[in-house]
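All values below come from the heavy atoms of this structure, side chains included, with hydrogens, waters and symmetry mates left out. Keep in mind that what you see is a predicted model, and the values were worked out from it rather than measured. Numbers restart at 1 for each chain; the letters A, B, ... are given by sequence-line order, proteins then strands.
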Amino acid sequence: MPELPEVETVRRVLKKSLVGKRIKDIDIRYNPIIENDTNSFKENVIGKEIIDIARYGKYLMFCLNKGFILSHLRMEGKYFYMKEKMDNKHIHVVFYFDDDSILYYQDVRKFGRMQYLDGDIYNIPPLSLMGPDLVLNNDISIIDLYNKIHKSNKTIKQLLLDQGIVAGLGNIYVDEVLYASHISPKKKGDKITKRNIEDIIKESKRILSKAIELKGTTIRSYTSSLGVIGGYQDFLQVHTKIVCPNCKMTLNRVKIEGRMTYYCKKCQRWGKWRR
DNA sequence: ACTCCTTCCTGGAAGC
DNA sequence: TGCTTCCAGGAAGGAG
């Protein structure tokens, strides 16, 4: 399940190979992956050159000499770039380049999406609707974030998963950030303090940067994306863990709004002004 | 305008 | 052993 560090890792790998390549043809084998009409997607993309690969939150952006392909990997989306032909039933989109190299998009659960967009990409949906990227944005406003979170009575876990509030966190790293910030995932937005927000931003930056350094987290991953195996799983403190690394108490494993959540009831107390 | 619920999809695990 | 059922999970879209 790629979150910000995994998408950033994919971006770095793809950027090395793909910049300067011209798209000669596209094979779309499963139409729902493409959010545009498939014919107009092809018309817009074939013949274009990839000039850069960027990222915002969990979105990967193939910047073309005109327009962009915005790609979201969701749960299982993976890119494979190679000179050789490959085939399996989970490859849904294939990009052929003018130098006869090939980019395969594989997605076991078919949840991933991609679309062609043109214009001021950051000022049109979906990117215009997103909160600040936790890694790209070095100047996230504590007060703006506090205002957004403080007026809600949803849980902080749910709020941090909302990409409109902050961009990049998914289920794994939210648990890690809340643990590091000593905040219960069940704490409601209107009980969150400015100090909590500062901790969340600081810990998010620390954890996500470290995870990027280690090329992301690989758990329950049968195939490594592009042969890249992440190393951050060795640094996870609570997600998928049994015992709190700090107090050694058994961790709570509960569902919060449908998401499996790991936390330490003792070290992440809510209602108390631990922080 | 907000929140909650359902849908998408598959392989692997669990249950019988 | 082999079949069936359950479940995870990000985000969109519908319902209330």
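Side-chain N/O atoms of H90(A) include one lying less than 4.0 angstrom from OP1 or OP2 on dG11(B). The shortest distance between the side-chain N/O atoms of Q163(A) and the OP1/OP2 oxygens of dG10(C) is not below 4.0 Å. Contact check, R259(A) against dG10(C): a side-chain N or O comes under 4.0 Å of OP1 or OP2. Distances shorter than 4.0 Å separate some side-chain N or O of K89(A) from OP1 or OP2 on dG11(B).
At a threshold of 4.0 Å, the pair D87(A)-K85(A) does not count as salt-bridged, since none of the basic side-chain nitrogens sits closer than that to a carboxylate oxygen. Taking a cutoff of 4.0 Å between a charged side-chain nitrogen and a carboxylate oxygen, K194(A) and E198(A) do not qualify as a salt bridge. Salt bridge status for R11(A) with E8(A): present, with a side-chain N to carboxylate O gap under 4.0 Å. Ion pairing between K157(A) and D175(A) holds under the 4.0 Å rule for side-chain N and carboxylate O. Checked for salt-bridge contact, D199(A) and R195(A) meet the test: a charged N lies under 4.0 Å from a carboxylate O. Using a cut-off of 4.0 Å between Lys/Arg side-chain N and Asp/Glu carboxylate O, D133(A) and R55(A) are scored as salt-bridged.
Residue Q158(A) places its side chain closer to dC4(B) than to any other of dT10(B), dC4(B), dG10(C). Between dC8(B), dA11(C), dT10(B), one nucleotide has an atom nearer to the side chain of R109(A) than all others, and that is dT10(B). Relative to the side chain of M260(A), the nucleotides dT3(B), dA12(C), dG9(C) differ in distance, and dG9(C) lies closest. The side chain of K58(A) lies closest to dA11(C) when the candidates are dA11(C), dT10(B), dT3(B).
Place K255(A) and L161(A) on DNA chain C by their nearest nucleotides, and K255(A) ends up nearer the 5' end. Two residues, F111(A) and E35(A), neighbour DNA chain C, and the one matched to the more 5' nucleotide by heavy-atom proximity is F111(A).
Distance D107(A) CG to dG9(C) P: 16 Å, rounded to the nearest Å. What separates CD1 of I172(A) from P of dG10(C) is a distance of 8 Å, to the nearest Å. Here dA8(C) presents its P atom at 10 Å from OH of Y262(A), a figure rounded to the nearest Å. Rounded to a whole Å, the NZ atom of K110(A) is 19 Å from the C1' atom of dA12(C). At whole-Å resolution of the value, CG in L4(A) and C1' in dG10(C) are 14 Å apart. Rounded to whole Å, atom P of dC2(B) lies 13 Å from atom NZ of K148(A). The CZ atom of R113(A) sits 12 Å away from the P atom of dA11(C) (whole-angstrom rounding). Across the protein-nucleic acid pair, L160(A) atom CG and dG10(C) atom C1' stand 15 Å apart, rounded to whole Å.
Atom CD of E257(A) is separated from atom CD of Q158(A) by 3.5 Å, given to the nearest 0.5 angstrom.
Taken together, the paired segments of DNA chain C that extend over three or more consecutive Watson-Crick or G-U pairs, each closer than 3.5 Å at both contacts, are B:2-16 with C:2-16.
Counting heavy atoms from C-beta outward, D107(A) and K78(A) have side chains that stay 4.5 Å or more apart.
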Run D162(A) and K148(A) through salt bridge (charged side-chain N to carboxylate O under 4.0 Å, His left out) and show every step you take.
CA-CA 11 Å; D162(A) 181 344; K148(A) 271 197 235 176; over 6 Å; no
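R74(A) contributes no side-chain N or O that forms a donor-acceptor pair with the base of dG9(C) under 3.5 Å.
Partners of H239(A) under the ring pair (Phe, Tyr, Trp, His ring centres under 6.0 Å) rule, at least two apart in sequence or in another chain, are Y262(A).
A heavy atom closer than 4.0 Å to some atom of DNA chain C occurs in no member of residues 124-133 of chain A.
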